[in-house]
Undergrad: 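Below are the structure tokens for one structure; questions will follow.
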Amino acid sequence: MATNQSKFWQKSLVRYLIVALIFAVILPLVFKLLHIAVTWRVGLLFMLVDPIVALWLGRDIAKHHQKWYTMLIFPVIFTIMIVIFYAPYNLWFGLIYLLLTYLGTSMGTTIYKQAN
């Protein structure tokens, strides 16, 4: 039984889902609960940390040869969280994260690797 659980946690899709939930839902809510100013939350989390996570997820998706729709996990979860808890102007970040995830995916392809 322990091997089934370890196989579950080793699946890439599960890792992407967990990372997306942590960075797109849990951290923004923690920032809000700690009464961290909106400018800090948007600046630090939405403009610095989450773009790095989106790029990393894209590279990891390419590395593990995941399906194309795996790129949608982080941006879609983030967008749902924004619609429920935050101001509509933050919706642009969902699109930006999708583009950054795609960029990270394309950086992991053989064409980019051959250019370097």
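In what follows, every heavy atom counts, from backbone to side chain, and hydrogens, waters and symmetry copies are set aside.
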Undergrad: Locate the shortest heavy-atom distance separating Lys32 from Arg41; write the atom from each residue and the value.
TA: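 That would be CA-NH1, 3.6 Å.
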
Undergrad: Can you find a heavy atom in the side chain of Tyr97 that is under 4.5 Å from one in the side chain of Phe46?
TA: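 With C-beta onward as the side chain, the pair touches.
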
Undergrad: Closest heavy-atom contact between Leu55 and Met107?
TA: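 Nearest heavy atoms, Leu55 then Met107: CD2-SD, 4.4 Å.
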
Undergrad: So which atom in Pro51 and which in Leu100 form the shortest heavy-atom distance, rounded to 0.1 Å?
TA: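 Residues Pro51 and Leu100, closest heavy atoms: CB-CD1, 3.5 Å.
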
Undergrad: Would Val25 and Leu72 show up in the same hydrophobic cluster when neighbours are defined by side-chain heavy atoms closer than 4.5 Å?
TA: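 Yes, because Val25 and Leu72 connect within a single hydrophobic cluster, where side-chain heavy atoms sit under 4.5 Å apart.
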
Undergrad: Is it true that, when you exclude Phe31 itself, more than 12 heavy atoms of the residues, nucleotides or ligands shown sit nearer than 6.0 Å to its CZ?
TA: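 Count over threshold, so yes.
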
Undergrad: Go through the structure and list residues passing side chain to side chain contact (heavy atoms under 4.5 Å, CB included) with Tyr16, not counting sequence neighbours.
TA: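 Here the qualifying residues are Ser12, Leu57, Asp60, Ile61, His64, Gln66, Thr70, Ile73.
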
Undergrad: Please report the closest heavy-atom contact between Phe93 and Met47, naming both atoms and the distance.
TA: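 The answer is CE2-CG, 3.8 Å.
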
Undergrad: From Leu21 CG over to Leu27 CG, what is the distance, rounded to the nearest 0.5 angstrom?
TA: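 So the gap between those two atoms works out to 11.0 Å.
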
Undergrad: Going by the side-chain contact (heavy atoms from CB on, under 4.5 Å) test, name the single residue among Thr101, Ile22, Leu45, Val19 that passes it with Val53.
TA: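 Output: one option passes, namely Val19.
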
Undergrad: Do Leu48 and Trp92 share a hydrophobic cluster, counting only Ile, Leu, Val, Met, Phe, Trp and Tyr and linking them when any side-chain heavy atoms are less than 4.5 Å apart?
TA: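 No, Leu48 and Trp92 fall in different hydrophobic clusters.
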
Undergrad: May I have the list of side-chain donor-acceptor pairs in residues 77-91 shorter than 3.5 Å, sequence neighbours left out?
TA:
{"from": "Thr79", "atom 1": "OG1", "to": "Pro75", "atom 2": "O", "distance (Å)": "2.7"}
{"from": "Tyr86", "atom 1": "OH", "to": "Pro28", "atom 2": "O", "distance (Å)": "2.8"}

Undergrad: With a 4.5 Å cut-off on side-chain heavy-atom distances among I, L, V, M, F, W and Y, is there a chain of contacts connecting Leu33 to Ile36?
TA: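 Leu33 does not cluster with Ile36.
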
Undergrad: Taking the side chain as every heavy atom from C-beta outward, state whether Asp50 and Phe74 have any pair of such atoms under 4.5 Å apart.
TA: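 A side-chain contact under 4.5 Å exists here.
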
Undergrad: Identify, with sequence neighbours excluded, every residue that meets side chain to side chain contact (heavy atoms under 4.5 Å, CB included) alongside Leu99.
TA: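 Counting only residues at least two positions away or on another chain, Leu99 forms a side chain to side chain contact (heavy atoms under 4.5 Å, CB included) with Leu95.
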
